[in-house]
Undergrad: 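Okay, here's the structure, questions in a sec.
What's counted below: heavy atoms across the whole structure, side chains too, no hydrogens, waters or symmetry copies. All values derive from a computational prediction rather than experimental measurement.
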Amino acid sequence: MVAGEHDGVVVAVGASADQELLSDIAKWGKGHEYAVADPKELPQIFVKEAKNAPTPGFEEHEIKRS
């Protein structure tokens, strides 16, 4: 990752999630934190994070035949 960027995402689902623990884990991992009540909200979080990623999560290379 690029220096200064975050290193991960922490997500808690449900009203009983421990908000303080969620926040601590995000700080320790230098990541973003999200708390959602409905699991149907998860795809929106991952799309947002993927769009904001500094580089793609993969590298494309031409395949050379031998």
Side-chain angles (χ1 to χ4, degrees):
M1 304 231 39
V2 175
E5 295 291 331
H6 70 280
D7 291 337
V9 177
V10 181
V11 181
V13 180
S16 63
D18 185 335
Q19 298 295 319
E20 185 177 352
L21 178 60
L22 175 72
S23 181
D24 287 343
I25 292 170
K27 286 177 196 171
W28 298 330
K30 299 177 187 161
H32 289 156
E33 63 182 271
Y34 296 92
V36 297
D38 186 346
K40 292 178 183 177
E41 297 177 57
L42 292 173
Q44 296 167 333
I45 292 170
F46 296 123
V47 167
K48 176 182 176 182
E49 287 294 321
K51 286 182 178 179
N52 292 329
T55 58
F58 59 90
E59 293 183 23
E60 293 186 53
H61 297 280
E62 185 174 328
I63 298 174
K64 297 179 183 177
R65 293 184 176 198
S66 29

Undergrad: In terms of hydrophobic clustering (I, L, V, M, F, W, Y; side-chain heavy atoms under 4.5 Å; direct or indirect links), are V9 and V13 co-clustered?
TA: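 Same cluster: V9 reaches V13 through Ile, Leu, Val, Met, Phe, Trp or Tyr contacts under 4.5 Å.
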Undergrad: Which residues pass the side chain to side chain contact (heavy atoms under 4.5 Å, CB included) test with K27, not counting sequence neighbours?
TA: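 So K27 forms a side chain to side chain contact (heavy atoms under 4.5 Å, CB included) with S23.
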Undergrad: Taking only residues two or more places apart in sequence or in another chain, which ones pass side chain to side chain contact (heavy atoms under 4.5 Å, CB included) with E60?
TA: F58
Undergrad: Can you sort out the partners of L22 under side chain to side chain contact (heavy atoms under 4.5 Å, CB included), two or more places apart, ordered by chain and number?
TA: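 L22: side chain to side chain contact (heavy atoms under 4.5 Å, CB included) contacts with V10, A12, Q19, E33, A35.
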Undergrad: Hey, are E41 and Y34 close enough side-chain-wise for a donor-acceptor pair under 3.5 Å?
TA: no
